[in-house]
J.: 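What follows is a single structure, and I will ask about it in a moment.
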Amino acid sequence: MTWTWFHRLGSPPYIYRLAGILTPWFGWLAGVLLVGALYDGLVIAPPDYQQGDGFRIMYVHVPTAWLSLMIYTWMAVAAAVGLIWRIKVAHAVAAACAPIGASFTAVALLTGMLFGKPMWGTYWVWDPRLTSELLLLFLYLGYMGLRSSFDDLQRADRASAVLAIVGVVNVPIVHFSVVWWNSLHQGSSLSLTGKDTIATPMLIPLLLSMLGFTLYFVAVLLVRLRGEVLRRERAASWVAEVVAT
Amino acid sequence: MSASLLRAENLHLWRAERHVLKGVDLRVRGGELLQLTGANGAGKTTLLRALAGLNHLEAGRVFWNDQDVREDRAGFHAALVYLGHEPPLKSDLTGIENLKYWTGMRRPLTDSAIAEALHATGAAGFGTRPVRTLSAGQRRRVALAGLVLAAVPLWLLDEPTTNLDTEGQQLIERLVATHLQDGGLAIAAVHHRLAIDPSRLRELNLFA
Amino acid sequence: MSASLLRAENLHLWRAERHVLKGVDLRVRGGELLQLTGANGAGKTTLLRALAGLNHLEAGRVFWNDQDVREDRAGFHAALVYLGHEPPLKSDLTGIENLKYWTGMRRPLTDSAIAEALHATGAAGFGTRPVRTLSAGQRRRVALAGLVLAAVPLWLLDEPTTNLDTEGQQLIERLVATHLQDGGLAIAAVHHRLAIDPSRLRELNLFA
Amino acid sequence: MSHFLSMGGYARFLWPAYGVTALAVVLNIIWARGLLRRAKSEARRRIAMQGETR
Amino acid sequence: MSDRLTPPLTAARLVVSRDLLLAFRRPEQLVHPLAFFVMVTTLFPLSVSPERAQLRAIAPGVLWVAALLAALLALDFLFRDDAQDGTLEQYALSGQSLTWLLLGKTAAHWLLTGLPLSLMAPLMGYTLGVPMSAGAGIMVTVALGSLALSFIGSIGAALTLGVRRGGVLLSILILPLAVPILIFGSRATELAIRGETYLAPMELLASVVVLSFTLAPLAAAAAVRISLE
Amino acid sequence: MSDRLTPPLTAARLVVSRDLLLAFRRPEQLVHPLAFFVMVTTLFPLSVSPERAQLRAIAPGVLWVAALLAALLALDFLFRDDAQDGTLEQYALSGQSLTWLLLGKTAAHWLLTGLPLSLMAPLMGYTLGVPMSAGAGIMVTVALGSLALSFIGSIGAALTLGVRRGGVLLSILILPLAVPILIFGSRATELAIRGETYLAPMELLASVVVLSFTLAPLAAAAAVRISLE
Ligand code: HEM
Ligand SMILES: Nc1ncnc2c1ncn2[C@@H]1O[C@H](COP(=O)(O)OP(=O)(O)OP(=O)(O)O)[C@@H](O)[C@H]1O
Ligand SMILES: Nc1ncnc2c1ncn2[C@@H]1O[C@H](COP(=O)(O)OP(=O)(O)OP(=O)(O)O)[C@@H](O)[C@H]1O
Ligand SMILES: [Mg+2]
Ligand SMILES: [Mg+2]
């Protein structure tokens, strides 16, 4: 009984319809939050006493960097579920995650570089955090490359799943790199336990922005997921129904 | 050995967009040869590989001695030999070395057993030459020696007569007949009719 | 076209320590098929490759229309197609693309000519699929379409019936018969007898 | 307004940063929709093909 | 029909001895990664500047990048030949545990590439101006690093089996995972050159080896099964 | 039976377009040498030291060694696939001049590897601290150098066809011939970085290109015929 939800989530037509219903909710909520964060972050929040207005890059850098890590984790978990329980929908989730994650990793790198020039005086240094984030991008690209080199989706799913799972070791490395090595990069400015290390007026837009980007990711994921689920269904009668018209 | 039995139910398999196996059922017992026939592209190779577990089945189940093979893959694999379109030989090793490592991985072998098997398949004369220097048919004969040596109940053969001369065609028939007599079973994709005791021969025709 | 003639005299060839061709003579004229027979390892493949100039002859000469082929290699090559044990196809290209580049290198081709050739060899249904996704016999049929398209007088075929189904065996016989009727000549290594007008068929048996 | 745009002298870095982010946001939406559209038309084609062979 | 099966360890030993035999049958294979390593380390001084002080400063980096590339290139062949001629398929169908067999293959691979590389590394270091006293340290770190790389690489090699020209894709897949090895390794080498204790990075390296040794053969076996399909 | 033959230039053009089509059918192949180049240039700062001044000093060397290795690895595939599936045999038997056909193959190979590499080089230089102003110079020298390497490499690739795992043997054959390219190229790059005129080494590079362009296809055709036997 308790496993029925699990089976339903593994059922392509159910997921396809559910994703279709949920997409606008996540999408619009994300839109509202992001617009709010933009206004709050660019206009209301006061300039930083050290970094001036430059700190406002944080409102795009931190959420995208966070997404890059979170998406990889989702992808690895989905891949593991798909591999272990042989659930097609889970593989579809992993496949849908990769391009989104790769693009936000690239954006995190770019915004970080644009952040670095005024703050550290250079676009790029070979610092552990920066390097490991670059490697994360390579992992995403390798994952997508491996996927695209198989003709058969089922094989691509399973092979790339192994890579996603193995590559997940990089995620804690990125996250803790600032702790494990002495780094130019900012340490953790948010923590659930200790007291926040940045001022509240600056923190609110950051939280709004992070939540907004996360919801945005889910919305895009759901759209992609529908596509990936369709590609994996052959000759099922429900496909004919949903693609009619 | 109690009579072995291979059974498959409702096998479905896609290759990319192509529905190749559309609900194949089969049942072969010890002492029987199932000959797979069908036009080029009908799915003979695909079916053999799927039975061996080398192709991913979308639906359907395979039973070995009434046990689902997924429950004991290693046990099932230990009971079968699959020979594909190309003989699985290392070109830098001699025939004897190839057999020592390939079949030796399955069961302990003596040198005399290898020599005997090579003799049985007409490969005695070139067992000590690197496989790379053998002709296509000579290579096939070395691979057949491995089949004999493995001494397993289930043979899965994909066009085993390829590259063999007329004497070689009869060799295949002799090998299969002996195998069936010993209680083994075989599934072979062959385009022309094999001269095998008709009471032991069954046919499965795949349609493209 | 005046009747073509392939003649070889006293061919000798060693592979490593092995004297494979020991003074082979042959003579085939337009309209004739020379069937190479012999046990596995007799030297059929070696002889075909040597005639095409792909194996180095130790001694002996090959004449095409009474001219030593060494005097005009390009001209001789332009007059022959050699099909070996494996079809020379790029697995990432479709059948049509393969033919366009492979045979197109020899003579200008139209799309309709390609389509026609694929139709003639029963490969029309899968000419637009990457060769990698074809079964062994389907691949062979695409290669045969290239043979037809090349429209050259001399065919050198190494076990062309391999992997083909029963209908495919007849296809080979039909293709060869038409080729001979058109004044072409062919040398083919085939293990079983081909159903070809006996007056056109000659046999060369190689001994191992 | 121009004061806002100049961002305390950080405009050279800030606006490109927001720019690439916005670009990624928009492109991801377009890509995702493209994928879904392609998957649908492929499914349609596949269904049509099966109808033929039957 | 015999019921006696080859025991798993014997099967793994057969794999090792087969791969060693194959390598000795074609000794040029043994020489290749070594030659590549030597070439990269000699090319460098040619294209940078031959000043000793500068050379010595970049020596650990050059040694490690060269060793990593050499080992990576060799990895490309770990399973490829066996996949092409059907041997791997037969392994998967042998009824033996594929994990053990692949562990055997990986061990043989390290014996044939990583070990010679680590023996050669002190010598190449010397040509870059590294004192002989650092030799033992360099040898041990390169040996550990290449061992870890062989294991991690076996996953990538298995994943790219079904892929034509998998070689460079393999590098892309493996490098992100190999970077920690590179960083710890070159750090240890640097300390060794300076004559300081290099225990800390060495321990990190050893833990990477242990981790990859326990997990990689499992992942590689799963990957091989997938790519055979 | 037709007597009209495909003219030699059309045949060579067919070879080029076939190879480009094949590459675009598998776009990851296009990306591979590039990715390798990027990775090697990334690895260096990781294992040497991330300090800008030191990085800039070794930048020309790193760039050129990385580009050379990337081009070399790609060379390994120049003829290998075609040899394996029998295409090369068919080329040799096509009645066309093998020299022209191989010239076509080599040209396609450069378009697919050398050209992207040279476009990428200035960018990677930047991450090593090379000023953007040196970009054009780096691009042109890498383009010329990789062109020469493609031609010279075609001989080596043809010679190692019959050899299994010819890859590293190929590198050993080619490297001595490639060293002049490396030296002239990195010298030109160094001058470009310093903002000085790099005409002298560039002319030397150009003359290597011309020389290899005229001789290499002939030698490669002879080598292919030999290895087919
Ligand atoms: C290319 C350069 C950069 C890269 C690749 C990069 C990467 C990252 C990543 C991956 C994170 C998320 C860490 C996590 O969630 O565990 C992060 C967070 C952060 N980054 Fe950057 N960053 C770069 C440059 C900068 C610069 C120049 C600054 C400001 C001076 C900066 C400020 C921050 C801040 C404040 C955080 C949030 C810290 C936290 O909550 O952990 N970053 N960065
Ligand atoms: N590279 C080589 N070195 C040594 N001997 C070789 C080599 N290649 C082939 N041979 C030998 O040459 C002989 C002729 O081989 P060939 O391939 O021509 O035979 P074939 O008649 O085509 O046989 P099949 O019917 O099996 O295809 C064989 O005995 C073979 O073992
Ligand atoms: N990777 C693939 N992608 C798409 N279709 C494939 C793939 N591999 C095989 N097929 C198709 O599957 C069908 C069955 O192929 P299979 O190799 O099993 O045929 P076969 O009966 O063994 O034929 P043959 O007698 O020619 O060996 C063929 O139509 C083939 O085109
Ligand atoms: Mg088949
Ligand atoms: Mg032969």
J.: Out of curiosity, A/F150 CZ to E/I226 CD1, how far, rounded to the nearest 0.5 Å?
T.: 8.5 Å

J.: Nearest 0.5 Å, what's the CG-CG distance between E/L175 and A/L135?
T.: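 Those atoms lie 8.5 Å apart.
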
J.: So which atom in E/A219 and which in A/V166 form the shortest heavy-atom distance, rounded to 0.1 Å?
T.: CB-CG2, 4.4 Å

J.: Test: salt bridge (charged side-chain N to carboxylate O under 4.0 Å, His left out). Region: residues 217-227 of chain A. Which pairs qualify, not counting sequence neighbours?
T.: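 Sorted result for residues 217-227 of chain A: empty, none.
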
J.: Measuring heavy-atom distances to chain A, does E/I155 have an atom under 4.5 Å in its side chain, in its backbone, in both, or in neither?
T.: side chain

J.: Between A/L146, A/L139, A/D152, which shows the greatest number of heavy-atom pairs under 4.5 Å with chain E?
T.: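 Option with the greatest count: A/L146.
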
J.: By a 4.5 Å heavy-atom criterion (distance strictly below it), what part of A/L134 contacts chain E: side chain, backbone, both, or neither?
T.: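 It is neither, since no heavy atom gets under 4.5 Å.
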
J.: Just give me the residue among A/I173, A/L163, A/N170 that pairs up with chain E most often, heavy atom to heavy atom, under 4.5 Å.
T.: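 Maximum pair count with chain E is reached by A/L163.
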
